[in-house]
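Before anything else, here's the structure in question.
Ligands are counted one by one from 1 in listed order, and the atoms in each one are counted from 1 as well. FYI, side chains are in, hydrogens and waters are out, and symmetry mates aren't considered; it's all heavy atoms of this structure. Just so you know, these numbers come straight off a predicted model, no measurement behind them.
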Amino acid sequence: MTSSYDSLGIRPIINAQATLTMFGGSLMPEEVRKAMDQAAGSFVDLHQLQLSVGERLAELTHNEAAYVSCGAASGLLLATAACISRHTADAYEDFSKLNGVPNEVIVQKMHRNSYDYAVQEAGAKMVEIGSNEGTQIEDLERAVSPATVAIFWFQGAMNDPSELSLKDVIRSAGKHKVPVIVDAAAQLPPVSNLWNFTQQGADLVIFSGGKDLAGPQASGLILGSKDLIERIRGYGAPYHGVGRPMKVGKEEMMGLLAAVERYLNLDHESLLQTYEKRVQFWISGLDGKKGILAQRDYPNEAGQPVPRTRVELPVEVPKEEVIDALMKGEPRVAVAPSENGNALLLNPMTVIDGESEIVLERLLQVLG
Ligand SMILES: *Cc1c(COP(=O)(O)O)cnc(C)c1O
């Protein structure tokens, strides 16, 4: 394997874990790289580009409006700023003006996660409702006040049947005229999520460009309400102010557009078949060998409708040691630890052709 990382003495990783930011998100296909390369070749009016790319993205995803951010987390920050600015037009002229303005963002306690720091970075105060046991509609109704600027919904592993449903949240928010923002950063596939959340009534939905969309790693996609996205546009780079440190380049804008065009045209049925085949390949290569129990697991770590392989290890072989040995070996291989029990989880979405075999081979070697 040759790559430009070699010149730094850095060994690339075969990723059978997930579209993790710390490993580089995802791999950009040819179409995306070409679009970025072409974009890099000429100057352009960046405001005009963001506007036109946004119009095209909105059309493609059946949304009113769209904006390219430099990642889903920056989308969370910009969306929050837009919601706060609905109440206080000059909120971001200087930070002292944020004192005392409506800034409360309601979130279910069960949805709290490390990404909501980005919401707070816009100057918002998180108001938790419910408990780790669940949330009731009364909890939400009690929390809404004139200081409420938005209700955030995080979609993913944090979702639980005891939480307040998105449908109930949207209904209650509509009554109080409070926007609902959905963080769906890792919620592709299914491709229909590009319009599902907003068609259900969410005001904005935010995706990572660098996960399954396979766009530039430093890109994000905000879709939904024209009014909120126009506000976001006013705060985003190259304008100065709250969004300026989260610059989006012409290459990211054109790369993300190419990625979304490609994603919409993918044969998702046949991709799923490929994933099922990889999962079955790992199961047949591992199950019953060296004390291993291998089986299909569904859905995956982000709750996506995609299978993965669960590899139950013998008790005397701790999962941490296997993960460590795979990472230190040649080539480096990344797999996930199970949430419960002594098992590994193999993800078929992030390996490319020929790599499932290497993952299997390395696992069998490490297990002796
Ligand atoms: C990955 C992720 C993010 C951050 O996305 P970036 O594009 O890396 O900024 C935010 N929220 C959730 C739930 C995620 O999974």
Side-chain angles (χ1 to χ4, degrees), residues 15 17-28 32 36 57 61 66-81 83 105 107-122 124 126 150-160 163 166 169 180-190 193-194 196-197 202 204-224 232 235-237 242-243 245-249 251-253 255-257 259-260 263 299-306 308 334 336 339 345 347 349-350:
N15 181 4
Q17 185 163 354
T19 51
L20 293 180
T21 295
M22 66 171 175
F23 294 150
S26 50
L27 302 180
M28 289 191 298
V32 177
M36 291 184 82
L57 284 169
T61 62
Y67 186 83
V68 181
S69 64
C70 77
S74 108
L76 295 176
L77 193 160
L78 290 169
T80 308
C83 292
V105 167
V107 62
Q108 300 187 54
K109 186 174 172 62
M110 306 168 80
H111 285 198
R112 291 306 302 269
N113 67 92
S114 37
Y115 293 109
D116 66 37
Y117 193 87
V119 175
Q120 300 173 66
E121 276 186 284
M126 304 301 274
I151 304 173
F152 265 75
W153 175 277
F154 291 88
Q155 184 77 24
M158 55 288 279
N159 297 127
D160 186 272
E163 71 191 8
L166 181 58
V169 168
V180 174
I181 315 293
V182 175
D183 175 357
Q187 301 304 312
L188 296 170
N193 275 352
L194 288 168
N196 275 347
F197 293 104
L204 291 177
V205 59
I206 299 165
F207 297 94
S208 196
K211 292 181 179 169
D212 203 49
L213 273 178
Q217 185 181 9
S219 71
L221 178 60
I222 312 176
L223 301 170
I232 286 172
Y235 288 124
V242 66
M246 297 166 288
K247 176 157 79 177
V248 185
E251 299 83 2
E252 278 73 30
M253 292 183 201
L256 185 65
L257 177 57
V260 171
Y263 202 74
N300 74 5
E301 80 291 338
Q304 296 165 314
V306 174
R308 54 184 179 172
E339 295 90 11
L345 296 161
N347 188 331
M349 297 171 75
T350 42

Test side chain to side chain contact (heavy atoms under 4.5 Å, CB included) applied to Ser74 - qualifying residues, sequence neighbours left out
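In terms of side chain to side chain contact (heavy atoms under 4.5 Å, CB included), with neighbours along the sequence ignored, Ser74 is linked to Ser69, Cys70, Leu78, Met246.
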Given side chains that start at C-beta, do those of Val32 and Pro216 come closer than 4.5 Å, heavy atoms only?
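When only atoms from C-beta onward are counted, Pro216 and Val32 do touch, with a gap below 4.5 Å.
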Backbone of Ala302 reached by a side-chain donor or acceptor of Gln187 within 3.5 Å
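At least one qualifying donor-acceptor pair exists.
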Counterpart residues, side-chain hydrogen bond (donor to acceptor under 3.5 Å, both in side chains), relative to Gln108 (two or more places apart)
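So Gln108 forms a side-chain hydrogen bond (donor to acceptor under 3.5 Å, both in side chains) with Thr135.
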Beyond-backbone contact of Leu188 with Lys211, side-chain heavy atoms, under 4.5 angstrom
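Counting from C-beta outward, Leu188 and Lys211 never come under 4.5 Å.
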Present, as a list of atom pairs with distances to 0.1 Å, all nitrogen or oxygen contacts under 3.5 Å between ligand 1 and the protein.
residue: ligand 1; atom: 7 (O); partner: Ala72; partner atom: N; Å: 2.8
residue: ligand 1; atom: 7 (O); partner: Ser208; partner atom: OG; Å: 2.5
residue: ligand 1; atom: 8 (O); partner: Thr21; partner atom: OG1; Å: 3.4
residue: ligand 1; atom: 9 (O); partner: Ala72; partner atom: N; Å: 3.1
residue: ligand 1; atom: 9 (O); partner: Ala73; partner atom: N; Å: 2.8
residue: ligand 1; atom: 11 (N); partner: Asp183; partner atom: OD1; Å: 3.3
residue: ligand 1; atom: 11 (N); partner: Asp183; partner atom: OD2; Å: 2.6
residue: ligand 1; atom: 15 (O); partner: Lys211; partner atom: NZ; Å: 2.8

Hey, can you pull the donor-acceptor pairs under 3.5 Å for the side chains in residues 17-24, sequence neighbours left out?
none

